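Structure, as structure tokens:
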Amino acid sequence: METRKKLDEIPPLRRGQSYKPGDIKRWGVERFFEAVIPKTPFTRQFPDFTEEENRRMDELLAESDRGA
């Protein structure tokens with residue numbers, strides 16, 4: 001008779017909630033990232049913004065990525 005350990009399910013986050021480091025370690029970091037990271041890339045195009053507003057937003061996001 002073979003027994004297998006059932007993997008803990010990674011619950012979805014609710015508003016105002018965060019994952020605890022101990023839970024992430026228990027689930028395994030790779031498995032955690034595979035479960036929570038979006039499968040499709042985030043597009044920085046905001047449909048209600050004008051082209052000028054989108055350009056300015058891209059500039060601001062690039063500045064924040066550089067740590068400015």
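Atoms considered below: every heavy atom in the structure, side chains included; atoms not considered: hydrogens, waters and symmetry mates. Predicted model, so just to flag it, every value in this text is computed and none were measured.
In this structure, E30 places its CD atom where only 12 or fewer heavy-atom neighbours from other residues, nucleotides or ligands lie under 6.0 Å away.
Rounding to the nearest 0.5 Å places CD1 of I10 at 10.5 Å from CZ of F33. Considering NZ of K25 and NZ of K20, their distance stands at 14.5 Å, rounded to 0.5 Å.
Classification of E53 and R56 as a salt-bridged pair fails, no side-chain N sitting under 4.0 Å from a carboxylate O. Salt-bridge annotation for R26 and D23: present, with a side-chain N of the basic residue lying under 4.0 Å from a carboxylate O of the acidic one.
No continuous path of hydrophobic side-chain contacts links F49 to L60 [ILVMFWY only; heavy atoms under 4.5 Å].
Taking the six-membered ring for Trp and thresholds of 30 and 60 degrees, W27 and F32 have nearly parallel ring planes, at less than 30 degrees apart.
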